[in-house]
Amino acid sequence: TAIENLTVTQAQQEIKDLSDDLIKWGREYYEDDDPSVEDYVYDAHYARLVALEKAYPTLMMPDSPTQRVAAGNAVSGSSRGLSKVIHPVPMLSLGDVFSVQELIDWDAVTTKNAGLQQSYNLELKIDGLAISLKYAQGKLIQASTRGDGSIGEDVTANVKTITEIPKVLKEPLTIEVRGEIYMGKESFARLNRQRDEAGETVFANPRNAAAGSLRQLDAKITAERKLSSFIYYTAQNTVLGVNTQSGVLARFRQLGFPVNADNRVIDKMSDVKMYIDEFTAKRDTLPFGIDGVVVKVNDLDMENELGNTVKIPRWSIAYKFPPEEALTIVKDITWTV
Ligand code: NAD
């Protein structure tokens, strides 16, 4: 039913039903690493909830999934035996859009808020799970998952088994960095083949396989599953001495972090279309899964000025690929081996 044709009672009921579904799916996805619906189903329900809350702001529930990072996630890792880690700087989600036009509209708002036209750093949206890595004088001392954004799970022992992640940086910096842990397509296919042969349930997609493999009590299991990583963020830019997001990535590379090389700086948002088209075409051939493109204001002072909401940054947004693409990819991964 079109939102304008709903009665208030109907709208209230629909808001409750959508929230209940999203929280349940969130629990399956974030806690159990075992979703029962495809991402596009989740995204469509989420978009409908956002639209309803916009039309009826007074009906928004205090614990709405639109106001929380990873709604449905009770940081149950502790019940798996993983201890909790507090994130002094919250680990956020990203706002998402599904068309170039919405990116252009978002740019108009950003430009207005920032007071001048921005350059953007475009990055691939890696389909994995977020990780926080703490280094003291260049040594890796703690790794944790995003959890509910404020509290994550300690996965230090597990992350130390990932060869791509440096245990010691090339400079003795004290810094917390963030990025993505993912499972490459080949490792995913191999793992699911082994599980299938052993009569075990297979993982729905590489993201869930990566999450399930990282959030293990026994680091030996993580070590057997080949996980990879790309690092892309720090809240402590001053430690790096750079003033752009593209500069951050270059510094990360110097420090020895794995950094995805496909980022690109654009000076006007309309140029984003070329990048999206390019990676829509290349997506199948990449050795890792991507579910979209992340657009980030390149100027770090401006990033700081634009700030964040309780759930998402105002200086960054994700463009998500259409669902047919996602389905094709999952199909390819499962059936080409
Ligand atoms: P998200 O995964 O859509 O986007 C935020 C995340 O993107 C960040 O936390 C980060 O980990 C990741 N990311 C990857 N590459 C990045 C880059 N280059 N720069 C910055 N961040 C990058 O948001 P979310 O809040 O984690 O999850 C919401 C999404 O998860 C939904 O849109 C849906 O697709 C999926 N989901 C699915 C189900 C389901 O049941 N299928 C349930 C819950 C969530």
Side-chain angles (χ1 to χ4, degrees), residues 18-19 21-50 65-73 87 90-98 120-132 144-149 152 177-182 203-208 210-211 214 228-235 245-246 248-249 252 257-264 275 279 286 288-297 303 308-313 315-323 325-327 330:
L18 286 167
S19 301
D21 281 346
L22 290 166
I23 289 169
K24 172 175 168 281
W25 293 335
R27 202 173 300 131
E28 294 170 353
Y29 181 88
Y30 297 114
E31 288 194 27
D32 308 336
D33 305 318
D34 189 17
S36 63
V37 296
E38 297 279 355
D39 286 356
Y40 74 90
V41 176
Y42 182 95
D43 290 345
H45 282 68
Y46 189 95
R48 173 81 177 175
L49 180 59
V50 169
T66 63
Q67 304 304 306
R68 291 167 51 195
V69 174
N73 188 338
H87 302 304
M91 293 182 77
L92 300 179
S93 178
L94 282 172
D96 50 20
V97 295
F98 302 87
Y120 294 103
N121 189 54
L122 308 180
E123 297 174 20
L124 297 180
K125 186 167 185 295
I126 311 300
D127 200 7
L129 75 155
I131 192 80
S132 153
S144 53
T145 63
R146 187 179 71 176
D148 68 0
V177 302
R178 295 174 183 179
E180 202 77 357
I181 301 284
Y182 67 91
F203 284 106
N205 55 50
R207 188 263 166 211
N208 295 296
L214 184 68
S228 301
S229 178
F230 287 127
I231 301 302
Y232 47 69
Y233 178 80
T234 180
Q245 169 63 12
S246 47
V248 167
L249 297 183
F252 279 163
F257 287 115
V259 177
N260 179 254
D262 297 311
N263 71 299
R264 194 161 308 160
Y275 188 80
F279 284 97
L286 294 173
F288 48 84
I290 56 172
D291 61 341
V293 163
V294 185
V295 177
K296 299 177 182 177
V297 164
E303 169 187 316
N308 308 306
T309 72
V310 285
K311 177 163 183 178
I312 56 172
W315 47 269
S316 179
I317 196 155
Y319 164 86
K320 292 253 181 106
F321 288 132
E325 298 277 336
L327 291 179
V330 170

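Read the numbers this way: they start at 1 and go in the same order the structure lists the ligands and their atoms. Sequence positions, counted from 1, serve as the residue numbers for this chain.
Side chains of P206 and D127 form no contact here, defined as non-hydrogen atoms less than 4.5 Å apart. A 4.5 Å side-chain heavy-atom check between M91 and V69 finds every atom pair outside the cut-off. Y42 is not listed as a side-chain neighbour of Y29, based on a closest heavy-atom distance of 4.5 Å or more. Residues V297 and Y120 have side chains in contact (heavy-atom distance under 4.5 Å, counting atoms from C-beta outward). Within the 4.5 Å cutoff, side-chain heavy atoms of L286 are placed close to those of L124. Side-chain contact between Y30 and D148 is absent, with no heavy-atom pair separated by less than 4.5 Å. Using a 4.5 Å cut-off on side-chain heavy atoms (C-beta onward), R264 and F279 make contact.
For the pair P35 and ligand 1, the shortest N or O to N or O distance does not fall below 3.5 Å. For ligand 1, the polar-atom distance check against L124 finds a nitrogen or oxygen pair separated by under 3.5 Å. Any N or O atom pair closer than 3.5 Å counts here, and E180 shares at least one such pair with ligand 1. Any N or O atom pair closer than 3.5 Å counts here, and S36 shares no such pair with ligand 1.
When K125, R207, R146 are ranked by how near their heavy atoms come to atom 26 (O) of ligand 1, first place goes to R146.
Of all atoms in ligand 1, numbered sequentially from 1 with element shown, those under 4.0 Å from a heavy atom of K296 are 17 (C), 19 (N), 20 (C). Counting the atoms of ligand 1 from 1 in the order shown, those under 4.0 Å from a heavy atom of D43 are 31 (C), 32 (O), 33 (C), 34 (O). Atoms of ligand 1 lying under 4.0 Å from at least one heavy atom of S93, given by number and element, are 23 (O), 24 (P), 25 (O). Residue contact check: E38 has heavy atoms under 4.0 Å from atoms 41 (N) of ligand 1. When each atom of ligand 1 is checked for a heavy atom of L92 under 4.0 Å away, the hits are 9 (O). With ligand atoms numbered from 1 in the order given, ligand 1 contributes 39 (C), 40 (O), 41 (N) to contacts under 4.0 Å with heavy atoms of V37. Close contacts between ligand 1 and E123 involve ligand atoms 17 (C), 18 (N), 19 (N) [criterion: under 4.0 Å to a heavy atom].
By the criterion of a heavy-atom distance under 4.0 Å, the side chain of D96, and not its backbone, is placed next to ligand 1. With a heavy-atom cut-off of 4.0 Å, Y30 touches ligand 1 through its side chain alone. Residue-level proximity to ligand 1 for Y42 is carried by the side chain, the only part with a heavy atom below 4.0 angstrom. If you look at L22 next to ligand 1, there are no close heavy atoms at all, none under 4.0 Å.
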Verdict with reasoning, Y232 to N263, per side chain to side chain contact (heavy atoms under 4.5 Å, CB included): CA-CA 10 Å; Y232 47 69; N263 71 299; over 6 Å; no
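Between F321 and Y319, the ring-plane angle classifies as perpendicular under the 30° and 60° cut-offs. The aromatic rings of F257 and F252 sit perpendicular, their planes meeting at an angle over 60°, well past the 30° parallel limit.
Atom CG of residue D43 and atom NZ of residue K320 lie 4.0 Å apart, to the nearest 0.5 angstrom.
Nearest protein neighbour of atom 38 (C) of ligand 1, counting heavy atoms only, is Y29 CD1, 3.3 Å. Nearest protein heavy-atom neighbour of atom 15 (N) of ligand 1: I126 N, 3.1 Å. Ranking protein heavy atoms by distance to atom 22 (C) of ligand 1, first place goes to Y232 OH, 3.2 Å. Scanning the protein for heavy atoms near atom 37 (C) of ligand 1, the closest one is D39 OD1, 3.2 Å. Counting only heavy atoms of the protein, atom 29 (C) of ligand 1 lies nearest to K320 NZ, 4.0 Å.
Classification of E303 and K296 as a salt-bridged pair fails, no side-chain N sitting under 4.0 Å from a carboxylate O. A salt bridge links D291 with K125: the distance from a Lys NZ or Arg NE/NH1/NH2 to an Asp or Glu carboxylate oxygen falls below 4.0 Å.
Contact annotation: M91 has no heavy atom less than 4.0 Å from any atom of ligand 1.
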